[in-house]
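Have a look at the structure below, then the notes.
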Amino acid sequence: VLLGPTGVGKTDWSILLAEKIGCPILSADSRQIYKGMTIGTAAPTGEQLNRVKHYFVGKLSPDEYYSASLFEDEAVEMIQDLHKQHDTVIMSGGSMLYIDAVCNGIDEIPTVDDALRLEIQELYKKEGIDPIRNQLRLLDPEFYNVVDLKNPKRIIHALEICLMSGKPYSLLRTNKKKPRPFRIVKVGFNRDRDELYSRINQRVDIMIQDGLLEEARGFYPNRQLNSLNTVGYKELFDYFDGNNTLEYAIDKIKQHSRNYARKQITWFKRDKDINWINLSDPNINVLDTIESLL
RNA sequence: GGUGCCAUAGCUCAGUCGGUAGAGCAACGGACUGAAAAUCCGUGUGUCCCCGGUUCGAUUCCUGGUGGCACCA
């Protein structure tokens, strides 16, 4: 697994590594998985896709439902399949929960049907979080005591699961690590903060040059989709609305990308299995270092 | 050249009837188990422009600078 914050250089290095050891790449990226969001998510280019076989890039329409759990199922199956021909396969990406889902598994929880989801959404819009919180307290006091009571998504989701399954959500949360029939080696890429940030800023400027505006414009009518609640698009949608200038939108894309990178670093920091490589260090031989871990 | 206003956190600014200061944004830190590039939580980081004066004590009041803005020449 090659992981790290956005803009650190995962794509380039994963391709070099894949070419060297002759294996395909599974992308662990909750946004690059959608079709057409190529510039804004810095997805591998056509040229890069031709060099190395990639999976989970541009395979879904932006209006399709997807989740970390679906990724877990599909990716684990795919990895086992690919292992018939390859000793090693690379998973590369920055979506923390997706990587966790494949490496550790996530609990079996029923899929929430649309009607229920809408119903709770309506209740939330009309009456706020309080009635949802209260229902959760009745149905799952145990989870109520540990959940972040200020985080609507968590509370709503827990209630959805309670209603969907007829059981307390906390009963379904085992937090058990699932065994995998393959060995996992995690390599984390990082850079000095200043360098990472200036790479992110530059990359955004390049995205704009490459036509991010046109790409975003094409998605503008579908802006309400979850897949488009994404850095690089949502800021431009605001600009299209006339709420602010293009310059402001670009600054915000840079800023939100930097914030996202920081959040990724925070998440990855607590995973003690990660072998870190600082790409700012000019003396490091990246490919040899990774191969020595395999 | 003259007159007036302003100078406080990275930015925009508030404030202290004299007891060394606080908001928003940014920044930084953290949480995270089926929407995760999502969602949520926490933290003030400061020669209060400079020199001097008054004062037990000055970021605050006063003199003089410096810089910015406005108006008048």
Side-chain angles (χ1 to χ4, degrees), chain A residues 3-8 10 27-34 37 39-43 60 62-75 93-114 116-118 120-121 124 129 133 143 146-162 164-165 169-178 193-194 197 200 203-204 207 216 224-236 244 248 251-271:
Chain A
L3 53 84
T6 191
V8 79
K10 293 185 295 293
S27 160
D29 190 303
S30 70
R31 293 299 187 265
Q32 288 180 10
I33 196 168
Y34 289 106
M37 296 170 59
I39 301 171
T41 64
L60 296 177
D63 60 0
E64 281 182 83
Y65 173 78
Y66 206 66
S67 70
S69 173
L70 288 169
F71 182 72
E72 173 189 5
D73 294 344
E74 294 179 1
S95 293
M96 300 85 80
L97 191 60
Y98 281 33
I99 294 169
D100 256 26
V102 170
C103 295
N104 305 319
I106 45 184
D107 294 323
E108 297 301 323
I109 284 168
T111 299
V112 179
D113 69 47
D114 292 346
L116 178 62
R117 176 151 286 179
L118 264 175
I120 296 180
Q121 214 46 251
Y124 177 53
I129 198 67
R133 230 187 249 157
F143 187 67
V146 295
V147 71
D148 175 359
L149 290 169
K150 290 179 179 168
N151 191 328
K153 275 207 175 187
R154 296 275 154 68
I155 295 167
I156 289 170
H157 185 244
L159 181 61
E160 284 174 345
I161 300 305
C162 292
M164 201 67 211
S165 65
Y169 177 48
S170 49
L171 269 187
L172 302 170
R173 279 164 51 93
T174 67
N175 262 309
K176 265 194 200 132
K177 189 169 171 166
K178 292 181 194 165
R193 190 67 66 93
D194 287 352
Y197 281 3
I200 288 170
R203 194 173 70 169
V204 172
M207 286 176 181
Q224 80 290 346
L225 295 172
N226 178 63
S227 57
L228 291 164
N229 184 190
T230 298
V231 175
Y233 300 94
K234 52 186 176 183
E235 297 83 358
L236 289 174
N244 46 49
Y248 180 86
D251 278 351
K252 283 294 166 189
I253 294 173
K254 291 177 182 173
Q255 184 194 110
H256 292 155
S257 300
R258 296 192 301 264
N259 293 161
Y260 175 51
R262 187 158 55 80
K263 196 178 74 169
Q264 288 172 301
I265 293 167
T266 299
W267 175 292
F268 291 136
K269 255 194 247 177
R270 67 177 174 175
D271 185 344

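Lettering follows sequence order; numbering is per chain, from 1.
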Can you list everything that forms a side-chain hydrogen bond (donor to acceptor under 3.5 Å, both in side chains) with [X]? Sequence neighbours excluded, please.
X	value
A/Thr6	A/Arg203
A/Gln224	none
A/Ser257	none
A/Glu72	A/Lys178, A/Arg180

Legend entry - Heavy-atom donor-acceptor pair, A/Arg133 side chain to A/Ile155 backbone, under 3.5 Å: no
Legend entry - Short side-chain to backbone donor-acceptor contact, A/Gln264 and A/Gly94, under 3.5 Å: yes
Inset, instruction - Look up atom NZ in A/Lys177 and atom CD1 in A/Ile106, then write down how far apart they are to the nearest 0.5 Å. - result: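 Taking NZ in A/Lys177 and CD1 in A/Ile106, the distance rounds to 14.5 Å.
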Inset, instruction - Could you tell me whether the phosphate oxygens of B/A36, OP1 or OP2, come under 4.0 Å of any side-chain nitrogen or oxygen in A/Tyr260? - result: no
Legend entry - Side-chain N,O (A/Tyr66) to OP1/OP2 (B/A35) below 4.0 Å: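 The answer is no; no side-chain N or O of A/Tyr66 sits under 4.0 Å from OP1 or OP2.
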Between [N] and [M], how far apart are the two [atom1] atoms, rounded to whole Å?
N	M	atom1	result
B/G34	B/A9	C1'	43 Å
B/C6	B/U60	P	14 Å
B/C11	B/C50	P	15 Å
B/G19	B/G2	C1'	39 Å
B/A7	B/G15	C1'	15 Å
B/G64	B/G57	P	23 Å
B/U47	B/U20	C1'	11 Å
B/U8	B/U45	C1'	14 Å

Over all strands shown, is [X] touching base, sugar-phosphate only, or nothing at heavy-atom distances under 4.0 angstrom?
X	answer
A/Ser257	nothing
A/Arg173	sugar-phosphate
A/Tyr169	sugar-phosphate
A/Lys177	nothing

Inset, instruction - Identify, residue by residue, the members of residues 98-107 of chain A with a heavy atom below 4.0 Å from RNA chain B, and return them in order of residue number, or none. - result: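 Going residue by residue through residues 98-107 of chain A, the ones with a heavy atom under 4.0 Å of RNA chain B turn out to be A/Tyr98, A/Ile106, A/Asp107.
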Can you tell me how far [atom2] of [N] sits from [atom1] of [X], to the nearest Å?
X	N	atom1	atom2	answer
A/Asp113	B/G34	CG	C1'	14 Å
A/Leu149	B/U39	CG	P	19 Å
A/Glu64	B/G34	CD	C1'	16 Å
A/Met96	B/A35	CE	P	15 Å
A/Leu228	B/A36	CG	C1'	15 Å
A/Glu74	B/G34	CD	P	17 Å
A/Leu70	B/G34	CG	P	12 Å
A/Phe71	B/A36	CZ	P	11 Å

For nucleotides 40-44 of chain B, print each protein N/O atom paired with a nucleotide N/O atom at under 3.5 Å, atom names and distance only.
from	atom 1	to	atom 2	distance (Å)
B/C40	O4'	A/Asn151	ND2	3.1
B/C40	O2'	A/Asp148	OD2	2.5

Legend entry - Shortest side-chain distance from A/Asn229, nucleotide among B/U39, B/G30, B/A35: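 Between B/U39, B/G30, B/A35, the one nearest the side chain of A/Asn229 would be B/U39.
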Legend entry - Closest nucleotide among B/G30, B/A36, B/A35 to the A/Thr266 side chain: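 The answer is B/G30, which lies nearest to the side chain.
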Inset, instruction - For RNA chain B, produce a single dot-bracket line, 5' to 3'. Pairs: Watson-Crick or G-U wobble, both distances under 3.5 Å. Symbols: ( ) within strand, [ ] crossing, | other strand, . unpaired. - result: (((((((..((((.....[..)))).(((((.......))))).....((.((..]....)).))))))))).
Legend entry - Student check: side-chain heavy atoms of A/Asp107 and A/Leu172 closer than 4.5 Å: no
Legend entry - Heavy-atom side-chain proximity of A/Leu70 to A/Tyr65 below 4.5 angstrom: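 Yes - at least one pair of side-chain heavy atoms lies under 4.5 Å apart.
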Inset, instruction - Could you check A/Trp267 against A/Gly40 and say which one's nearest nucleotide on RNA chain B is further toward the 5' end? - result: A/Trp267
Legend entry - A/Arg203 or A/Ile265, whichever maps to the more 5' nucleotide of RNA chain B: A/Ile265
Legend entry - Nearest heavy atoms of A/Ile200 and A/Ala261, plus distance in Å: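 Taking A/Ile200 first and A/Ala261 second, the nearest heavy atoms are CD1-CB, 3.8 Å.
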Legend entry - Nearest heavy-atom neighbours spanning A/Gly4 and A/Lys10: O-NZ, 3.0 Å
Legend entry - Partners meeting salt bridge (Lys or Arg N to Asp or Glu O under 4.0 Å) with A/Glu160 (sequence neighbours left out): A/Arg117
Legend entry - Distance-only polar pair, side chains of A/Thr41 and A/Arg31, donor-acceptor under 3.5 Å: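 No donor-acceptor contact under 3.5 Å links the two side chains.
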Inset, instruction - Please name all residues satisfying side chain to side chain contact (heavy atoms under 4.5 Å, CB included) with A/Lys234, sequence neighbours left out, ordered by chain then number. - result: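 With neighbours one apart ignored, the set is A/Asn229, A/Val231.
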Produce the list of close N/O pairs, under 3.5 Å, pairing protein atoms with atoms of nucleotides 25-27 of chain B; give distances to one decimal.
from	atom 1	to	atom 2	distance (Å)
B/A26	OP1	A/Gln255	OE1	3.4
B/A27	OP2	A/Asn259	ND2	3.2

Legend entry - Listed partners of A/Phe143 passing ring-ring contact (aromatic ring centres under 6.0 Å, His included), at least two apart: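 Expected list: A/Tyr169.
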Legend entry - ring-ring contact (aromatic ring centres under 6.0 Å, His included) against A/Phe71, all qualifying residues, sequence neighbours excluded: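 Listed in chain order: A/Phe56, A/Tyr98.
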